[in-house]
Each structure stands twice: as structure tokens, then as C-alpha cells.
Asker: 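Let me begin by handing over the structure; questions about it come next.
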There are 2 protein chains.
Amino acid sequence: MSTTWQDEVAAETRAGGRISDRFIVDKVRAAVLTQRLPPGTRLPEVALGEIFGVSRSVVRKALTRLAADHVVSQQPNQVARVRAPSIEETRETFAARRLVEGEVAALLAGRLDAELLREVATRVEREAEAHARGDEAARIEHSLAIHHLLAEHSPNRVLGVMLTDLILRTSIVIALYKRAGLASCYLAEDHPALLSHLRDGDGEAARRCIHEHLQALEGLLDLSTRETRIDLMAILGQREGAMP
Amino acid sequence: MSTTWQDEVAAETRAGGRISDRFIVDKVRAAVLTQRLPPGTRLPEVALGEIFGVSRSVVRKALTRLAADHVVSQQPNQVARVRAPSIEETRETFAARRLVEGEVAALLAGRLDAELLREVATRVEREAEAHARGDEAARIEHSLAIHHLLAEHSPNRVLGVMLTDLILRTSIVIALYKRAGLASCYLAEDHPALLSHLRDGDGEAARRCIHEHLQALEGLLDLSTRETRIDLMAILGQREGAMP
DNA sequence: CGGCTTGGTTTTGTATACAGAAAACCTGCT
DNA sequence: AGCAGGTTTTCTGTATACAAAACCAAGCCG
């Protein structure tokens with residue numbers, strides 16, 4: 001198994017200020033999101049420790065947190081690996097996110113202050129621009145920012161943190177299962193429509209909008225069961241059924 | 001601050017087989033649920049380690065997990081404490097649980113196999129019996145078991161684990177905010193009604209039933225804002241706003 | 001008398017050492 | 001060549017040591 005990802009992560013290490021478990025969590029999460037750390041990648045504690053210049057204690061805590069976030073899987077006495085959510089779990093994650101984000105959007109409709117509305121509107125524009133010029137990385141960043149804004153400003157904070165988690169998990173599986181030929185998962189009309197519903201205060205319309213948006217997004221993925229992509233992973237020694 | 005809880009936990013330690021972080025997590029969680037560990041209780045790593053006969057490493061991992069479960073709060077460089085959810089968070093937790101458990105019940109309606117239906121039915125009967133004879137501890141156990149059965153058998157496993165978490169959190173706040181005079185939070189008709197809806201396969205009725213059940217349960221709590229119960233806690237040095 | 005400082009004490013953060021489990025590997029046999 | 005078994009190597013689980021930060025209380029100064 002190649003170890004090139006070590007160099008990539010190491011390269012990013014020189015940027016941050018103080019190294020701590022939080023720093024490692026963020027770095028690994030970002031690397032997983034952008035698929036620089038593909039599913040199944042082994043994450044030995046000592047190797048990570050050397051890369052980030054800390055001891056196993058810190059790495060250990062970081063890995064535990066990443067496991068709680070469903071980013072890596074930790075089996076006792078086994079090396080931690082980047083998780084590869086199954087097709088079924090992918091569908092379930094999307095369904096859960098539809099439920100939660102729909103509710104958050106409904107709660108939020110009509111309650112956003114002017115500043116926040118402006119921030120969302122800006123992101124929507126920037127996303128369209130980025131897509132127009134073919135800058136997919138920037139587009140994803142803006143798209144994620146829109147949904148994270150909903151989560152962070154949810155009147156119900158408990159639902160808000162649940163949504164934050166679900167946004168991360170869906171992002172991971174989108175990267176994993178994006179149809180090969182597809183350049184981008186951009187749905188031009190959805191975010192503007194959501195924005196107007198939020199502005200108008202039509203909660204149920206906002207909920208429906210989120211629902212359809214996520215349904216469409218899921219539809220863009222390649223979740224055909226006969227696809228061997230994941231089964232292969234499982235057969236090659238990847239155990240990941242644990243979900244207590 | 002009295003240290004009697006140490007003895008109580010220590011007394012239970014002699015039962016289990018191998019001591020590990022899982023064991024500690026379960027013990028502490030149970031103790032919090034039954035309020036033998038009241039909110040705000042300090043949980044120093046060395047003390048727990050001595051009680052369970054393990055070193056700080058294991059305790060540390062256990063505390064991290066308990067923090068992820070929202071049972072304790074962990075601030076950097078500060079001793080872990082049993083969390084005291086605010087009144088606002090209590091309301092939000094109930095709202096989240098209504099949303100999630102309602103959906104799970106709706107998904108589950110008509111899909112339960114005979115064995116599971118029988119198990120739920122048994123629990124419903126046992127709960128009524130326990131309440132009739134005034135055995136509140138047993139009643140709570142059966143009531144919890146009913147909801148946990150829903151969570152464990154949720155067709156959507158992602159929602160299932162989310163529900164498990166929410167059941168724990170609501171149980172904690174129920175114990176915390178139960179109206180002083182109230183002997184029990186028993187709602188005689190709710191669980192039987194839910195059972196029949198699940199049996200009949202009427203998903204929307206089951207969702208409504210769950211919704212009303214939890215609403216009624218929340219109504220039994222004392223969540224009056226002027227109540228100083230929690231503010232006192234906060235003033236006495238209890239910081240717990242962190243919810244990233 | 002109140003607020004601030006200043007020690008000692010407690011408690012966590014991090015690194016490291018050693019033991020045991022799992023995996024990889026290599027060898028010898030069929 | 002294929003496989004079995006044991007050996008080595010890697011990696012995690014746990015305990016422990018030391019450093020730094022927070023806590024507490026007594027004392028000092030305005």
C-alpha cells in the first residue's frame with residue numbers, strides 16, 4: 001500500500017499554529033473529504049504521531065473523536081482505517097439528513113436576520129460563479145457553507161449539531177459514490193429557491209425544497225447494488241459493520 | 001462536596017468481569033441516569049482510576065466517550081463534570097427526539113415481525129404492572145426498553161443510533177427536571193396505543209402517537225424559567241455552553 | 001474591608017516504556 | 001506450486017513519569 005498520503009498531510013502540517021488533537025482531527029477530516037485519504041486507508045498511531053510531531057496520546061484522542069464522527073472506524077487491537085460507508089448506510093444517511101435538515105429549514109424560515117440572509121445570498125451567488133468558471137473545489141466550499149450556515153443558526157441547537165454531523169457524512173459518501181462521468185453535483189435552481197423560501201418565511205416550502213434537493217443529490221450518485229466497489233472493499237478485509 | 005458516590009460506584013465494581021473503558025462508560029451512564037451522580041459532580045481521572053482499578057489512560061478514553069454521548073462535559077485543563085443540560089437544551093432535546101422517534105415509528109409501523117411485537121407487548125404489560133405495584137424503577141426500565149426496541153430495530157440504522165442517543169439524553173433531563181411532587185412519569189394509555197398503531201401498520205398514527213406521548217412527557221417536567229435550579233448551578237462555576 | 005498577588009496543591013496534557021495481540025513473512029514440507 | 005506452522009515485525013492497550021495549567025487559600029497592600 002502506498003504511503004504518499006503521508007507526504008501530503010505532512011506538507012499541510014507546517015501551516016497551523018499549535019499542534020493538538022483538534023488540529024489533527026481537522027486535517028484528517030479535510031483529507032477524507034477531498035479523498036486524499038481514500039476509504040480503507042490505514043491510519044497507524046505512530047505514523048500519524050511522527051507526521052504531526054506529537055506522541056501517540058494525542059493521536060489516540062484524535063482518532064477516538066474521528067471515530068465518534070463516523071470518519072474512521074476503530075476496532076479493538078486493530079489499526080484505525082478511513083471508513084467506507086456502505087451503499088445502504090449512504091441511503092440511510094441521506095434519509096436522516098432530509099428529515100433533520102428539512103426540520104431545521106422549516107424552523108429557520110422567516111427567522112433569519114438580514115445579515116445572515118445576505119451571507120447566504122452571497123454564498124449562493126459565489127457558488128454559481130464558481131460553477132460557471134469550472135472551479136469545482138470552490139463550488140463545493142460555497143455549497144457546504146450554505147448548509148453549515150443553516151446548521152449553525154438552527155434555533156434548535158441539538159438538531160443543529162446533528163445536522164453538522166450529517167452534512168459531513170453525506171459529503172464523504174458523495175465524494176465516494178459520485179458517478180464517474182459526472183464533473184459536478186451542482187443543481188442550479190435549488191439553492192436560490194431555498195433562499196427565497198427562507199426569506200419569505202414559508203417553512204413548509206423550505207422543508208420541501210430541502211427534501212427535493214437532497215433527493216436529487218442522492219439521485220446523482222451511483223448506488224447500484226451490483227456495483228462491486230464496496231463489496232470488494234469489504235472482502236479485502238474491511239470490517240465496518242459496528243454501529244452500536 | 002461529599003464523596004459518597006465513590007463508595008456507591010465502587011460497590012458496583014466487584015460485579016463485572018474485565019474492567020475496561022466500556023465498563024466504566026456503562027457504570028457512569030447508569031449512575032447518572034439514576035441520579036446517584038447528580039449534575040455538576042466532579043469526575044477526576046485519578047479518582048475514577050482508583051475506584052475501577054485502572055490507570056488514567058482507560059478513564060480518559062471513557063470520559064471522552066461519555067462526553068461524545070453528552071453525559072459529561074470536558075473542558076480543556078478542567079476536571080470533567082456530570083453535565084447539567086439547561087432548560088432550553090431540554091426543550092430542544094425533546095423536540096429533536098419527537099422528530100426522530102416519530103419518523104422511526106412511522107417507518108417501523110407494519111414492518112415488525114411477530115416476535116418483536118410480542119416483546120413490545122410484554123414490556124407494555126410489565127410496565128403497567130410495575131406502575132400498579134408502585135415499583136418505579138422497574139417501570140422506568142420497561143418503558144426505556146420499549147423505546148430502545150424501536151431504536152434498535154429501526155429500518156434506518158443511522159436514525160436508530162441517533163434515537164438511542166436522544167433517549168439517553170431525555171432520560172437524564174427527565175430525572176433532572178421531574179416535578180418534585182410527581183411520583184412517576186407514567187402515561188397509562190400511550191404505550192398501548194402506540195403498540196396497536198405499530199401492529200396495524202398505520203405509520204402516521206404511530207408518528208402522531210409518539211409526538212403526543214413525548215409532548216405530554218415534556219409537560220410533566222418543571223421547566224419554568226424563573227426556577228433557579230439550573231442558574232444556581234451555572235453560577236457556582238458550571239460552564240457548559242460548548243456544543244460545537 | 002476588598003481586591004490582588006502568591007505560594008502550594010490538585011488535576012490535566014503529553015511523552016514514553018513495556019506487554020500482548022494481530023498481521024506479515026518466511027521457511028519447510030507435501 | 002501450494003499450504004501449514006511458527007517466527008518476526010508491527011501495532012495497539014495500559015501504566016507511569018514529568019511538565020504545565022488551573023484551583024484554592026492565605027496573606028499583602030491599597
Asker: State which residues pass salt bridge (Lys or Arg N to Asp or Glu O under 4.0 Å) with Glu136(B); sequence neighbours excluded, sorted by chain then number.
Answerer: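 For Glu136(B) the salt bridge (Lys or Arg N to Asp or Glu O under 4.0 Å) partners, ignoring immediate neighbours, are Arg139(B).
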
Asker: Please name all residues satisfying salt bridge (Lys or Arg N to Asp or Glu O under 4.0 Å) with Arg126(B), sequence neighbours left out, ordered by chain then number.
Answerer: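 Scan of Arg126(B) (salt bridge (Lys or Arg N to Asp or Glu O under 4.0 Å), adjacent residues dropped) gives none.
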
Asker: Test of understanding: with side-chain hydrogen bond (donor to acceptor under 3.5 Å, both in side chains), list the residues that count as partners of His142(B), not counting sequence neighbours.
Answerer: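 Scan of His142(B) (side-chain hydrogen bond (donor to acceptor under 3.5 Å, both in side chains), adjacent residues dropped) gives Arg123(B).
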
Asker: Rounded to whole angstroms, how far apart are CZ on Phe23(B) and C1' on dT14(D)?
Answerer: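 Distance, rounded to whole Å: 17 Å.
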
Asker: Tell me, please, which residues at least two apart from Ala105(A) pass side chain to side chain contact (heavy atoms under 4.5 Å, CB included).
Answerer: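 Checked Ala105(A) against side chain to side chain contact (heavy atoms under 4.5 Å, CB included); matches are Ala206(A), Ile210(A).
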
Asker: Without decimals, in angstroms, what is the distance between Glu50(A) CD and dT16(C) P?
Answerer: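 One finds 11 Å between P of dT16(C) and CD of Glu50(A), rounded.
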
Asker: Would you tabulate the pairs of protein nitrogen or oxygen atoms and nucleotide nitrogen or oxygen atoms of nucleotides 9-13 of chain C closer than 3.5 angstrom?
Answerer:
residue	atom	partner	partner atom	Å
dT11(C)	OP1	Arg42(B)	NH2	3.1
dT12(C)	OP1	Glu45(B)	N	3.4
dT12(C)	OP2	Glu45(B)	N	3.1
dG13(C)	OP1	Asn77(B)	N	3.3
dG13(C)	OP2	Arg60(B)	NH1	2.8
dG13(C)	OP2	Arg60(B)	NH2	2.4
dG13(C)	N7	Arg56(B)	NH2	2.9
dG13(C)	O6	Arg56(B)	NH1	3.1

Asker: Please state whether the phosphate of dA15(D), meaning OP1 or OP2, lies under 4.0 angstrom from any side-chain nitrogen or oxygen of Ser55(B).
Answerer: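 Indeed, a polar side-chain atom of Ser55(B) lies that close.
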
Asker: Tell me, please, which residues at least two apart from Ser57(B) pass side-chain hydrogen bond (donor to acceptor under 3.5 Å, both in side chains).
Answerer: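 Partners of Ser57(B) under the side-chain hydrogen bond (donor to acceptor under 3.5 Å, both in side chains) test: Ser55(B).
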
